[in-house]
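Below is one structure; the comments refer to it alone.
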Amino acid sequence: MSTVVLLTLTGLGLAALYFLIASGLSLVFGLAGVLNFAHGLFLSVGAYAGWFVATHWALGPAIPVGVAAGAATGALVELVVIRPLYRRPTEQVLATVGLSLAGVALLQSIWGADPRSYPRPAWTAHTTGVLGAQVPDDRFLLIGAAVLVLAALLAFLRWTRYGLIIRAGVENRAMVSALGIDVRAAFTLVFTLGGALAGAAGVLGGMYFGSVSPGQGAGLLIFAFIVVVIGGLGSVTGCAVAAVAVGLLQQFVNYYGTSGAGDVSVVALLAVVLLLRPGGVAGKVTA
Amino acid sequence: MTHPALAVDGVSWHAGTVPIINEVTLTVGPGEFVALIGPNGAGKTSLFNVVSGLRRPSAGRVLMGGADVTRLAPHKRARRGLGRTFQTSAVFGSLSVAENVALAVQAARGGSMRPWRRRSDRQIAAAAREVLDQVGLGELGRKAAGSLAHGQKRKLEIALLLAAEPRMLLLDEPMAGVSAEDVPALAEVVRGLTAGGRGVLMVEHHMEVVLDLADRVAVLHHGSLLGCDTPDAVMADATVQRAYLGEAL
Amino acid sequence: MKALIPLVLAVALPWSTLDIPFLFDGPLNSPGTLQLLGVCLVFGGLALGYDLLFGHAGLLSFGHALFIALGAYGVGILVNHFYWPLWTAVLLAVAGAAIAAFLLGAVALRVTGIALAMVTLAFAQVGWIVVNRDPGGLTGGEEGLPLGPAAVPGFLVGVANTVNLYWLALAFLVVVVAIVHGIRRAPLGRVLTGLRDDERRIAVLGLSPYRIKLATFVLAGALAALGGVVYVLLTGGATPYLASTDLTLSLIVMAVLGGAGTRWGALLGGIVYAYLDQRLTHVGGSLPGPLGQPLFVLGTLFVLAVAFVPGGLAGLRRRTLSATAS
Amino acid sequence: MILSVHDLSVTLGGSHILQGVSFDVPPTGITALLGRNGVGKTTTLRAVLGEIPATGSVDFGGVPALGRPTHRLVRDGLGYVPEDRCVFAGLTVAENLRLAVRSQDPDFRTVFGLFPELKQRSDQSAGTLSGGQQQMLALARVLLNPQRLLLIDEPTKGLAPAVISAVAAALERMAERVPMLLVEQNLAVVRRLARDAVVLAAGRVAWHGPTEELLGDPARTRDLLGVGSTVRRP
């Protein structure tokens with residue numbers, strides 16, 4: 001029983017990380033139609049920015065700095081690379097592929113290819129007893145952050161004007177323009193938002209794994225892609241559900257099966273979902 | 001007894017939960033020209049999609065020459081002699097006009113997967129040229145299909161169909177976008193399609209063409225078939241009048 | 001016939017003692033230069049093979065590295081752990097990769113577009129995971145799998161025989177060119193172009209898009225595996241890089257840089273990319289900051305190319321030609 | 001003239017869809033844009049709106065419009081109701097309306113006065129509305145803001161006859177406040193609403209003049225529009 005509880009909470013912790021990465025990815029795809037390979041770069045930039053602040057200054061501001069760095073990278077990429085290629089969707093995706101290669105190499109040239117150990121708040125090293133299981137507190141940090149972000153995102157999409165624009169834009173971008181709204185401003189917004197969430201995931205992931213390396217973002221990105229596809233492109237709720245399914249499956253199979261089987265089973269899940277419902281589980285509606 | 005070239009038997013189709021086609025029953029005999037009319041959104045294109053196999057009906061059957069094809073994939077129906085055009089013209093834009101037809105010819109003759117054959121195969125080229133002459137595009141063989149004028153694309157689409165020597169044709173608004181001066185020539189090409197006992201089912205808004213070409217006219221309205229009769233009878237029918245031609249405002 | 005000139009030059013190259021100071025470290029027929037050129041040729045072939053899927057058939061697969069790795073690791077494992085003779089191992093590895101391509105393609109090609117990209121990406125990720133986890137000590141994990149020299153025929157071993165490896169790489173490239181260009185010229189080439197333009201229309205013509213795509217996928221997979229094998233022979237072993245998404249992304253970069261879907265574009269892109277990658281790694285230490293990272297330079301170059309040179313090198317050439325003509 | 005289109009040409013996917021279209025839209029009443037299917041009516045509207053690249057010149061309210069982004073033109077008072085309505089199916093009726101609001105003082109009174117049904121259904125998701133209701137919503141969206149010209153594309157397409165009458169009535173009342181360029185297939189609707197008509201054929205303007213003059217002459221109508229339908233009615 002205690003093993004199951006521990007595995008569940010660890011799986012949810014992982015799911016939280018996936019959700020943070022995938023939700024931004026999903027919104028960017030849903031609205032701007034860009035399959036953003038540079039998203040892993042946003043995460044890595046956030047992670048290194050947080051790491052830099054935490055090791056050179058203080059742990060407290062690591063998260064806000066990571067979020068800000070991720071957001072700034074997202075906005076910059078949208079304004080400088082994506083926007084000029086508006087009306088050329090294939091080139092947009094290709095450009096993000098180039099960015100992901102170049103960006104990782106850039107980080108590597110600054111901080112080297114080897115993982116750096118990531119400082120974390122002392123309390124996350126403690127454990128809390130839950131139904132007989134000793135659960136490390138960093139799980140709760142991740143889960144708490146993800147729940148908070150999910151609630152905030154849903155509220156943002158549901159109640160704010162920009163949320164409305166994003167939801168409408170996911171359905172029909174051209175019509176949003178035809179209502180007199182500059183839909184490209186919304187593109188910048190979702191890239192910034194996605195970058196911020198990825199930056200948060202970078203810092204939290206660094207604390208969770210205890211280290212950061214330039215390729216970390218790209219490694220996580222593939223599972224985030226899987227979450228996005230299973231969850232339905234453009235859907236935040238679908239993303240959350242899919243992240244939980246993927247995180248739990250991966251954790252449980254890795255524990256009870258051989259090493260690596262969990263990752264493989266996630267791929268199998270994707271294959272099954274795609275074959276049964278090519279559009280993903282939640283269709284095309286945001287929020 | 002000869003079977004109809006196409007029989008649609010009690011076909012219904014829902015898009016999600018929204019019913020689009022309701023229990024439509026319709027036959028097209030060998031050599032018969034049937035026009036399908038109805039207001040935009042009546043379900044004509046959906047019916048075509050069901051017949052050609054792009055959509056699976058939620059109820060009913062589709063038969064070709066008496067054989068049930070309801071569960072066959074589009075390419076298998078095509079091999080049994082079903083050809084169709086699309087509302088938005090769908091030619092292969094990056095191939096030349098002649099190559100478009102050659103592709104259709106080789107598709108029909110089953111030579112597509114043999115890499116040892118050259119694509120400049122003489123027999124294929126000759127057959128392609130013949131079809132192009134038939135629709136009056138013989139001069140344009142080397143032109144890129146993507147750069148053709150609209151009416152020429154329509155003709156090319158018909159040529160693609162003819163290359164496969166189909167026994168049943170579905171034409172989705174062949175006159176759409178064709179300039180007025182080109183309509184008569186295209187109509188003549190379309191008229192000739194029933195030669196050799198081929199059945200034709202055509203959606204068309206151009207009423208003059210419909211009345212001129214069709215043996216029978218079927219009227220679809222809100223997914224249901226209101227009737228199928230000779231052009232004169234259909235034009236005189238009061239229900240049809242209201243549904244399609246609209247009431248006086 | 002014009003295509004034969006570069007081929008003749010490539011065949012004659014090992015007899016040349018020409019020294020090109022900035023481009024190469026040694027004379028053309030020095031082992032170092034021949035190995036560098038050999039790798040370039042292999043990547044030219046790999047990129048052209050990938051372009052059969054990407055540029056010609058319009059299938060955006062993100063899982064091509066899987067098949068390269070299957071060839072490379074397949075041979076390595078059969079030779080090192082099971083002591084198979086090299087050529088039998090090559091045959092089996094390539095056949096195995098083709099079967100894997102058939103099975104995975106059968107699943108993946110049921111979806112199209114972005115979903116296809118995702119599912120191939122995910123499948124390839126399994127390869128990456130397996131290679132890195134080193135199950136049963138078979139793949140050597142992060143260390144890679146050096147090919148035991150005992151298993152390789154003598155004429156392919158040793159610095160003095162680099163020229164034979166170079167010719168092997170050239171032979172691989174010629175095979176890929178013959179197959180891809182053969183398909184372009186055959187009726188199948190027309191079908192692939194049609195497929196890229198309008199898949200629905202192909203089905204209505206009576207052809208099964210699924211079967212054509214699957215056949216192309218299997219063929220491209222087998223060519224990739226063959227390339228993986230040659231790469232292993234050329235460099236002496238398989239490394240996890242061969243199974244990575246980065247490799248697939250690089251292939252996309254090569255194809256697009258060169259001009260996807262054109263006759264020589266991907267081949268050229270592959271050769272140029274591989275050359276730059278190796279040279280930049282070599283001289284990297286002397287360059288400041290990120291410029292020492294080949295991927296930074298290539299990635300940035302690629303983004304600029306995507307933005308400013310649509311159609312890649314092939315497109316550039318065409319436009320230069322038409323500009324000088326007018 | 002509120003809108004002057006001069007020598008407008010559009011090439012899409014290699015085919016020359018518009019080949020030098022020129023016409024004016026007066027600042028009052030409804031001008032109909034007619035022509036057979038696929039002749040480029042929708043393309044004309046979208047080119048004016050900047051949704052697709054075009055050459056030539058378009059003058060909207062005295063300011064050159066070509067090359068300006070769509071949303072700017074719309075903010076300057078160019079309202080657009082596209083073919084197939086394009087309501088946001090996943091949003092509620094109220095959200096669809098809220099999204100369209102640009103002015104400080106949106107005119108909900110006029111909107112709900114014309115389409116009372118929308119008020120009752122404001123919390124319903126737009127995707128579950130009937131075709132006619134969706135058309136009302138699409139029209140309502142452009143009425144919330146002050147407009148100088150409306151581009152309306154086939155508002156009666158696919159609607160039942162009774163609903164067509166209702167939509168036509170709404171358009172008639174809307175036209176009292178703002179001029180329109182109306183693409184419409186139903187000639188009975190055109191006859192009732194439009195004072196002037198522009199007929200496109202083969203990518204050019206084939207005829208331009210009072211609607212009565214066009215529809216009152218069956219031969220000319222058949223010639224230009226190829227319509228048997230309303231003309232042929234026995």
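Per chain, numbering begins at 1; letters A, B, ... match sequence-line order. Note that the coordinates shown come from a computational prediction; the quantities given were computed from them, not determined experimentally.
In this structure, chain A has a heavy atom under 4.5 Å from the backbone of D/Val101, while its side chain stays farther away. Of the two parts of D/Arg98, the backbone and the side chain both hold a non-hydrogen atom closer than 4.5 Å to a non-hydrogen atom of chain A.
Between A/Ala198 and A/His39 the shortest heavy-atom distance is CB-NE2, 3.7 Å. In plain terms, the two heavy atoms of A/Leu142 and A/Gly13 that are nearest each other are CD1-O, 3.6 Å.
Atom CG in A/Leu249 sits 11.0 Å away from atom CG in A/Leu14 (nearest 0.5 Å).
No side-chain N or O of D/Thr70 forms a donor-acceptor pair with one of D/Glu51 less than 3.5 Å apart. At a cut-off of 3.5 Å, with distance as the only test, no side-chain donor of D/Thr156 or D/Asn186 sits close to an acceptor on the other residue.
Note on D/Leu49, D/Leu99, D/Val74, D/Asp76: by heavy-atom pairs under 4.5 Å with chain A, the leading option is D/Leu99. Comparing D/Pro82, D/Ala89, D/Pro69 by how many heavy-atom pairs each has under 4.5 Å with chain A, the most go to D/Ala89. With respect to chain A, the highest number of heavy-atom pairs below 4.5 Å among D/Arg72, D/Arg46, D/Arg102 belongs to D/Arg102.
Taking 4.5 Å as the limit, some side-chain heavy atom of D/Leu187 sits within range of a side-chain heavy atom of D/Val190.
In this structure, D/Arg148 is positioned above the aromatic face of D/Phe60, its NZ or CZ under 6.0 Å from the six-membered ring centre and within 45° of the axis.
Interface residues of residues 117-142 of chain D toward chain A, defined by a heavy-atom distance below 4.5 Å and sorted by number: D/Arg141.
Checked against the 6.0 Å centroid threshold, A/Phe225 and A/Phe37 count as a close aromatic pair.
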